[in-house]
Amino acid sequence: MKYTRFTQGSSIYTGVISENTIQEINGDIFGDWEYTGQIFSVTDVTQLAPIKPNQIIGIGANYVSKLEDRPSELPEIPVFFFKPTSSVIGPEEDIIIPEGIEKVKFESELAIVIGKEAKNVPESDVLDYVFGYTVGNDVTAPQFFHQDGHWTIGKSFDTFTPLGPVIETELDPFSVKVEARLNGVEKQNSATELMIIPIRRMVSYLTKVMTLKPGDVILTGSPVGAEFVTAGDTIECKINEIGTLSNSFVLAQEQVKS
């Protein structure tokens, strides 16, 4: 099932996409909801990020280029970071390059949406707590990384976390490929089996540190091939079974001095 958030006119709706139509729903997607009977055409609406996350957690440097490069021993403490919810945008919205720099990096990723409260979950049970999956773009300005390895600022600018176009609940996350095309040219295309910290290990580890709640989004890492981009570029992050998340880059407008 593919869940979406969208606008038509000044109203925001939640719905389920089936082919070229969206059936509006009312209620909690993580709990009880029902169809309202109202149907929209996909071509008549503007899709938003499919969720307003509770929190966003990312993992760094989580892909190798080929299976034989995977380490024999996994890191004892994976490199996780937080991104603010204010950085979230949806499909076709502009990614704003901050003032003072001319380039940022795209990072196409599989994003996990947690569906129920999770604490101290064993790896074998992790998928029972996953609601679904979407496509994420962990936009990054490494020019703002602290020399000691603090990533927060470089990950946190407004518009730096595009999500979408839908949340797909019927997905095998172990059999998909994470892709990215920059101005129509393929830059990333890797199977999720190339992750260093696999999904079950990743989520289980996090639940031993913190309580994950419905609406939390976990960005699972970006394949080899991420590049710097500039204003005017368009990035398409894609997972076939979910869809394509397309955004363009623009320079921040300098404030008008009064």
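Numbering starts at 1 and runs along the sequence shown.
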Looking at residues at least two apart in the chain, or sitting in another chain, which of them share a salt bridge (Lys or Arg N to Asp or Glu O under 4.0 Å) with D138? K83, K155
Show your reasoning for whether ring-ring contact (aromatic ring centres under 6.0 Å, His included) applies to F249 and F106. CA-CA 10 Å; F249 294 86; F106 67 83; 7.6 Å; no
On a heavy-atom basis, the closest approach of P165 and G243 is CD-C, 3.9 Å
Residue from I197, V126, T220 passing side chain to side chain contact (heavy atoms under 4.5 Å, CB included) with V203: V126
With side chain to side chain donor-acceptor pair (under 3.5 Å) as the test, would you mind laying out the steps for T244 and S246 before giving the verdict? CA-CA 6 Å; T244 299; S246 179; over 6 Å; no
Mind checking what makes salt bridge (Lys or Arg N to Asp or Glu O under 4.0 Å) contact with E93, not counting sequence neighbours? none
Can you list everything that forms a side chain to side chain donor-acceptor pair (under 3.5 Å) with D216? Sequence neighbours excluded, please. N54, Q55
What's the verdict on side chain to side chain donor-acceptor pair (under 3.5 Å) for T4 and Q47, showing C-alpha distance, side-chain angles and the deciding distance? CA-CA 7 Å; T4 183; Q47 284 185 275; 3.0 Å; yes
Side chains of L219 and I59 in contact at under 4.5 Å (non-hydrogen atoms): no
Among all residues two or more places apart in sequence or in another chain, which pass the side chain to side chain donor-acceptor pair (under 3.5 Å) test with N183? D233
Any side-chain heavy atom of K103 sitting closer than 4.5 Å to one from I97? no
Among residues at least two apart in sequence or on other chains, which ones pass side chain to side chain contact (heavy atoms under 4.5 Å, CB included) with V250? D94, I96
Considering only residues two or more places apart or on different chains, which pairs with a residue in residues 111-136 satisfy side-chain hydrogen bond (donor to acceptor under 3.5 Å, both in side chains)? E123-R201
Can you confirm whether the side chains of T234 and S248 place a donor and an acceptor under 3.5 Å from each other? yes
How about I57 and V217: do any of their side-chain heavy atoms sit closer than 4.5 Å? no
Tell me which pairs pass salt bridge (Lys or Arg N to Asp or Glu O under 4.0 Å) where either residue lies in residues 172-182, with sequence neighbours left out. none
Listed by chain and number, what are the side chain to side chain donor-acceptor pair (under 3.5 Å) partners of Y3, not counting sequence neighbours? W33
Could you check whether any side-chain heavy atom of Y205 comes within less than 4.5 Å of a side-chain heavy atom of P78, counting everything from C-beta outward? yes
Co-members of I12 in a cluster of I, L, V, M, F, W and Y side chains, linked at under 4.5 Å: L48
Excluding sequence neighbours, so at least two apart, what forms salt bridge (Lys or Arg N to Asp or Glu O under 4.0 Å) with E186? none
Tell me, which pairs form a salt bridge (Lys or Arg N to Asp or Glu O under 4.0 Å) where one or both residues lie in residues 16-29, sequence neighbours left out? none
By ring pair (Phe, Tyr, Trp, His ring centres under 6.0 Å) - contacts of F40 (at least two apart): F6, Y13
